[in-house]
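For reference, the structure discussed in these notes is given below.
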Protein chains: 2
Amino acid sequence: MAGPGRQSKLEQAGGPADASGVPEMATIIGYKLRRAQLLVFQDFIDSFAELPLRPAEFSVLALIARTPGLKQSDIAARLGIKRANFVSLMDGLERRGLAERRKAAGDKRSHSLHLTEQGNRFVARMVELWQAHEQRLVDSLGGAAERDRLIALLDRIIGAKG
Amino acid sequence: MAGPGRQSKLEQAGGPADASGVPEMATIIGYKLRRAQLLVFQDFIDSFAELPLRPAEFSVLALIARTPGLKQSDIAARLGIKRANFVSLMDGLERRGLAERRKAAGDKRSHSLHLTEQGNRFVARMVELWQAHEQRLVDSLGGAAERDRLIALLDRIIGAKG
DNA sequence: ACAGAATTGTTATGGTAGTGAACTATTCCG
DNA sequence: CGGAATAGTTCACTACCATAACAATTCTGT
């Protein structure tokens, strides 16, 4: 708690800190993470000016495309979306004719989710736009190897939660 | 656009994709970034249950502590906060007696921002709690070297925007 | 010096997400 | 069968972010 004079024990968790230990924002993981994420999402939004599509909608369509027939709760849970919030999201996709709820076979409570024909065409174009966006990111990182390293590091933070 | 049968040109930007090119969420940079950021912020919030303090407030206090006397617009701009939204944020810190607006010397329009005495004590405790949080993150990453690698990769995405 | 442009802080307002509680219909289970 | 659990939905509430407008002040060019 005293003034200056010692400097050995600093630098354990945070990066450069001033005499009082207050960290510089540039060295804080959460801060950098947030800034990077906002920029990536903005680039995503810009990339999809033509469609348009928000990140959450993209993830829902991609998941339905890969695993059609899952019920709403499953899709929502896999994406970390509360089922209450998922309703209006799915309403929007249905209103646009991209996806649809079907009465699930065995369970009259649940809906199984599928793409429509139009949804399939939409997803094809969506994937093209996404690839351009993702390629831009990979380039900024310096290559696919760096992309993999970044994903691996983020996975360590995310841990078992997949 | 045809069916299966070719596979050479895939894997340019995105990771594993199915036959139609739809990416798996686990390989998407923006998705992982968002998930990791949400988890980090949640851990931050939990770490500050005792104070309590939100990430944006933390960043403002840390910046004022390191560079007292800056005017509102400067602090807001450095943190990427619109000055309109900064007002209520600063109101809260002032109401809690942690920071204060002083009439700037040369310019009667602007306010220079400073910590109060209580604010200094608060920041000292805040830094302790933050270090525990950050240490937890560094541990999950596998060490300080991995932290540095992550920051470096995120900086590539952020680019010149600091 | 003075008029017009720019800056600072502020208010008001709207949009978008995300949360928890409560409700209906249905299914599960003892 | 009857109570507990589940799926989807609605609702009220909050947090956050953006834009536009405004008053006070400062800057700038002539």
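In what follows, chains are A, B, ... by sequence order, proteins preceding strands, each numbered from 1. Just so we're clear, the structure is a prediction, and the values are computed from it rather than from any experiment.
Computed from coordinates, the L70(A) CG to dT6(D) P distance equals 18 Å when rounded to whole Å. With rounding to whole Å, I81(A) atom CD1 is found 16 Å from dA7(D) atom P. Spacing between atom NZ of K71(A) and atom P of dT26(C) amounts to 16 Å, rounded to whole angstrom units. In this structure, CD of Q37(B) is placed 15 Å from P of dA17(C), rounded to the nearest angstrom. Straight-line distance from the CG atom of L79(A) to the P atom of dG18(C): 11 Å, rounded to whole Å. Whole-Å rounding puts the I45(B) CD1 to dG18(C) C1' distance at 13 Å.
Within the 3.5 Å criterion, the main-chain N or O of L70(A) finds no donor-acceptor partner in the side chain of S112(A). Listed for the E134(A) side chain is a donor-acceptor partner under 3.5 Å among the backbone atoms of I29(B).
Phosphate proximity of dT9(D) to R101(A): present, with a side-chain N or O under 4.0 Å from OP1 or OP2. Contact check, Q72(A) against dT9(D): a side-chain N or O comes under 4.0 Å of OP1 or OP2.
Looking at residues 102-113 of chain A, you'll see G106(A), D107(A), K108(A), R109(A) sit with a heavy atom under 4.0 Å from some atom of DNA chain C. For the segment residues 82-98 of chain B, residues with any heavy atom less than 4.0 angstrom from an atom of DNA chain C are, sorted by number, R83(B), A84(B), V87(B).
You'll find the side chain of E57(B) stays beyond 4.5 Å of the side chain of L51(B), heavy atoms only. Within the 4.5 Å cutoff, the side chain of I75(B) has no heavy atoms near those of the I81(B) side chain.
Under 3.5 Å, the side chains of T67(B) and R78(B) contain no donor-acceptor pair of N or O atoms. Defined by atom type and a distance below 3.5 Å, a donor-acceptor pair is missing between the side-chain atoms of Q72(A) and R83(A).
Of the charged side-chain nitrogens involved, none lies within less than 4.0 Å of a carboxylate oxygen, so that R35(B) and D155(A) do not count as a salt-bridged pair.
Using a 30° and 60° split on the angle between ring planes, F48(A) and F44(A) fall in the parallel class, below 30°.
Nearest heavy atoms, S47(B) versus H133(B): OG-CB, 3.5 Å.
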